[in-house]
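To keep things clear, I will list the structure first and then write my remarks on it.
Predicted model only: the values in this text are computed from it and were never measured.
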Amino acid sequence: MAEEVSSQMNSLSISETNPSSSATISLVSGDDIVFKVEPTIAKEMETVQSFIDETDGKITTIPLPNISSHDLPYVIEYCEKSIAGKITKEFEAEFVKKLNNEEVKELFLAANYLNIKKLLDFLSQVIADRIANKSVEYVRRYFGIENDFTPEEEAKLREELAWTFTGVDPDDEDEN
Amino acid sequence: MNLHDKLQIYDISDKKDFIGNLPDHILHHILSLMSTKDAVATSILSKRWKYLWMDLFAFNFAIYSNQSDSGICNPTNHLLDLVHRLLHRSNSRPISLTIAMYGSGITVDPVKLHCLLSDPNMYKVEELDISLNLKSNPFILPQSFSTCASFNNLHLQLECVLNVPSCICFSNLKTLNISSVTFSNDDSLQKLLSGCVVLQELIMYGCGWNNIKHVNIAMSTLRKLSMDFNYPTDDEFFGSKIEIDAVNLLSFTCSGFLTVEVSLVNLASIVDAYIDLQIYFPLNQPYIAAHEIKLLTGLHQVKSLWLSNDTLECLSFAEDNFHFLPSFYDLKRLGVNFGSVAGYTNAFLMGFLKKTPKLEALEIPNGFDPIICMDGEEWIMNSVPLCFKTCLNLFCFSNFDGDEAEIQFLKFILENAPNLINIHIYGSYNLLADLKKQTDICNRMKSMGLENWT
C-alpha cells in the first residue's frame with residue numbers, strides 16, 4: 001500500500017530530483033497529499049508514465065490536481081492488484097462494494113484522466129450496471145445531465161420509445 | 001503546451017456535470033455494455049444523447065409480452081420505425097441486428113416488415129436475426145433483401161408461409177438458420193437454398209413441410225447441417241422429399257419426428273452424425289422407419305455416429321427394410337443412448353452392430369433401463385458382431401446401475417471382444433449410494449477379470 005505523507009509545501013511545484021537517488025514516484029493529490037508509489041505502479045497510469053518518459057525520468061514528483069486524496073488510494077490499490085495479476089471477479093466485486101455512486105463517478109474520471117485502461121473498462125461496466133433498468137429521471141440525476149428537450153419533444157420521444165420502459169425499476173432514493 | 005499544463009488541463013471541479021466533458025467514445029463504451037433497451041432509453045436524457053446509441057455495432061431489440069393491453073400503443077410499429085432510422089443513420093462498421101417480438105399481445109404488420117427488409121440501408125447489416133410471428137400470412141421476401149451481399153449470418157424465425165422472389169442470392173452468407181417457416185412450395189425452398197452459394201452451416205428448425213413435394217439441391221460448400229422436425233400436424237402427408245448433395249459436409253444432426261424423407265447423397269467428407277428421432281403414434285411409424293433407413297443409408301460413410309433410443313426403436317418398424325441398410329465401413333465410434341422406453345432396442349442395436357465391421361469404440365452413456373432386464377438373455381446371444389471379434393478396443397458404459405442386463409451385456413462384451421484395451425465403467429448415482437450393491441458388483445466384476453472401475 002502506498003505510503004501517505006503530508007506535504008509540507010503549500011504551492012507545489014515540480015521538484016527536480018536525481019532519478020537514481022529516489023526509486024519511488026511521488027503522486028501528489030489535488031489536496032496536496034503525497035503518495036509514494038513504486039515505478040511499476042506508475043507504469044499502469046499512462047498519463048503519469050508518459051510524463052516521466054518525456055522528462056527522461058528526471059521528474060518523479062507528479063502533481064495530480066484533479067484527483068483527491070480520497071480517491072487516489074483506490075486507484076493505487078487497483079493498479080497494485082493489476083500488476084500483481086490479481087484482478088479477479090471476486091476482487092472487483094469487493095472493490096466496487098466499497099464505493100458509493102459518487103465515488104464510482106470520481107474514480108471513473110480519475111481512471112480516464114490517468115488513462116488506466118483496465119480500471120476504465122471495469123468502471124464502465126459498473127456504471128452500465130448501475131443505470132441498467134433505471135428510469136430516465138434516475139439516469140439524468142446519476143449523470144448530472146440537464147434535460148434540454150422541450151416538453152413536447154420529450155413527450156414525443158417517450159411515446160416512440162415506450163417499449164423500452166417496460167419493466168423499469170421504480171426509482172429509489174439516490175444513494176447519496 | 002508544456003507538461004505541467006497538460007496535467008492541469010482537466011477541470012473537473014464541477015462534479016455535478018459528470019459526463020458533460022467526456023468524449024463520445026467513452027460514452028459509447030458505456031453504452032456498448034448496456035442492453036439495447038437501456039441504451040435506446042438514454043436517447044431521452046438530452047439532445048447530446050439522442051443519437052449516441054446509434055453508433056454502436058450490435059443491437060438486440062426484443063419485445064416479449066403476454067399482455068394484450070400492455071398500455072403501449074403498438075410498440076412493434078414504433079420499433080420497426082426505429083430500426084429504419086437506425087439503418088439510415090448508422091455509418092460505421094457492419095452491424096449486427098436482432099429483432100425479436102413474441103407474445104400474445106404482439107402483432108406484427110407484414111407490410112411494415114416488408115418495408116424494413118426492403119430498406120436500401122440493409123446492406124450495412126452483417127448479422128441479422130429476426131424472430132416474429134406473422135400469423136401464417138404468406139410473406140414474400142423482398143427482392144432487394146434477397147440479393148443482399150452483406151449478410152454473413154442470417155437467422156429467420158418467421159411463423160408464416162414463406163415465398164421467395166424469382167432471383168435470390170446471398171453471395172456471402174455463411175450461416176443460415178431458418179426456423180418455424182412453412183415453405184410455400186418446392187420452388188421457394190429450392191431457390192432459397194440454391195441462392196446461398198457459399199453457405200457453410202444450415203439449420204432448419206421446426207419448419208412446415210406440407211407444401212413440399214420433392215426438392216433436390218446440391219450444396220458443395222456446406223459443412224454443418226442441422227435439421228429438426230416438429231410433431232406432425234394433421235395434414236402432414238409424409239410424402240415430402242428433400243435430397244441434399246453435400247460433398248463437403250462434416251457434421252450432421254437430425255432430431256424430432258422424421259416426417260420428411262431426407263436423402264443425403266455424396267457425403268464423401270462426413271465425420272460425425274447425431275440422430276435423435278422421436279416416435280410418433282403407431283399408424284405412421286412405418287413411414288418414419290422407412291425415412292430413417294433412407295437417412296442412415298446416406299450416412300454410411302460417417303466416422304462417428306450417435307443414436308438415441310427412439311432412433312433405434314424406430315428401426316424396429318423397418319423390419320422388412322432393415323436389410324436395405326448398407327454396411328458402415330468407415331464407422332469407428334458409436335454412441336447409443338438408451339432412454340426410458342427401451343423395448344426391442346437391444347435387438348436392433350445388435351442388428352446394427354453387424355453393419356459396422358470396423359467399429360473401434362462403443363459408448364453407452366446412459367446405462368440400460370431396468371425394464372429390459374426381463375428379456376436380458378435372449379437378445380445378446382444370437383451371434384457375435386464381427387467388430388467385437390476384430391477391432392473393438394474401447395467400451396465405455398456410463399450411468400451403470402449394476403442391473404442384471406447390464407452385467408450380462410458387459411460379460412458378453414468381455415467374452416467376445418478380445419481386443420478390448422480400454423473399458424470405462426462409470427457407476428450411476430444410485431449405485432454410488434448403495435454400498436452393499438457396490439461390493440457385490442465389485443466381486444462379480446473381479447470374477448469376470450475386471451479389477452478397476454469407477
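- In this structure, chain B has no heavy atom under 4.5 Å from any part of A:E137.
- By number of non-hydrogen pairs under 4.5 angstrom with chain A, the leading residue of B:K50, B:K47, B:M34, B:R48 is B:K47.
- Aromatic ring pairs are classed by plane angle as parallel below 30°, tilted from 30° to 60° and perpendicular above 60°; the pair A:F95 and A:F91 is tilted.
- Heavy atoms closer than 4.5 Å to chain A are found in both the backbone and the side chain of B:I44.
- If you check the side chains of A:E44 and A:S82, you find a donor sitting under 3.5 Å from an acceptor.
- Summarising the geometry of B:C148 relative to B:Y123, their closest heavy-atom pair is SG-CA, 3.9 Å, with the distance given to 0.1 Å.
- For the pair A:K81 and A:E92, the salt-bridge criterion is not met [side-chain N within less than 4.0 Å of a carboxylate O].
- Residues of residues 25-33 of chain B that come within less than 4.5 angstrom of chain A, heavy atom to heavy atom, are B:I26, B:H29, B:I30, B:L33 in numerical order.
- Between B:W49 and A:F143, a ring centre-to-centre spacing shorter than 6.0 Å is recorded.
- Between A:D121 and A:K117, at least one side-chain nitrogen of the basic residue sits less than 4.0 Å from a carboxylate oxygen of the acidic one, meeting the salt-bridge criterion.
- Taking 4.0 Å as the cut-off between side-chain N and carboxylate O, A:K105 and A:E102 count as a salt-bridged pair.
- For chain B, the nearby parts of A:L157 are the backbone and the side chain; heavy atoms of each come within less than 4.5 Å.
- For chain A, the nearby parts of B:S43 are the backbone and the side chain; heavy atoms of each come within less than 4.5 Å.
- When each of B:L82, B:D38, B:T42 is scored by its heavy-atom pairs under 4.5 Å with chain A, the top score falls to B:D38.
- Between A:N147 and A:E154, the side chains place a donor N or O and an acceptor N or O closer than 3.5 Å (distance only, hydrogens not considered).
- Residues B:S150 and B:N152 bring no donor and acceptor atom of their side chains to less than 3.5 Å of each other.
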